[in-house]
Each structure stands twice: as C-alpha cells, then as structure tokens.
> 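Input: one structure, supplied below.
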Amino acid sequence: MLENFNNLLYMDGNGLFVWFCMAFFVLVVSLNILYAIKKKRQLIKLIRSL
C-alpha cells in the first residue's frame with residue numbers, strides 16, 4: 001500500500017513537476033471562476049439599479 005502511494009507521489013522522479021502543474025492549473029481555474037462570479041454579481045447589481 002505504501003509503495004503504491006510513493007509511486008503515485010513521486011512518479012519516477014517527475015512527481016514534483018506534475019504536482020506543481022496540477023496545483024497551478026487548479027489555481028488558475030479557481031481564479032477564473034471567482035472572477036466570473038464577481039462580474040456576474042456586479043452585472044446583476046447594475047441591472048437591478050436601473
């Protein structure tokens with residue numbers, strides 16, 4: 001069990017790069033979603049004020 005976890009974590013020496021890329025991807029997607037939610041709220045607020 002522990003050996004399988006280590007293989008998943010290290011990925012033959014490429015694990016650090018792979019996990020960094022995955023974390024960066026999640027960060028970018030999260031920021032895009034938060035930005036879209038913020039803009040949607042601003043648009044709804046603008047429409048309601050008219």
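Reckoned from all heavy atoms, side chains included, excluding hydrogens, waters and symmetry mates.
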> Please tabulate, one pair per line, all N/O donor-acceptor pairs under 3.5 Å involving side-chain atoms of residues 43-50, not counting sequence neighbours.
from	atom 1	to	atom 2	distance (Å)
S49	OG	L46	O	2.8

> Please tabulate, for side-chain N and O atoms in residues 17-24, each donor-acceptor pair with protein atoms closer than 3.5 Å (sequence neighbours left out).
from	atom 1	to	atom 2	distance (Å)
W19	NE1	L9	O	3.0

> Only distances under 3.5 Å count here; give the side-chain donor-acceptor pairs of residues 25-42 to other protein atoms, sequence neighbours excluded, each with its distance to 0.1 Å.
from	atom 1	to	atom 2	distance (Å)
S30	OG	V26	O	2.7
N32	ND2	V28	O	3.3

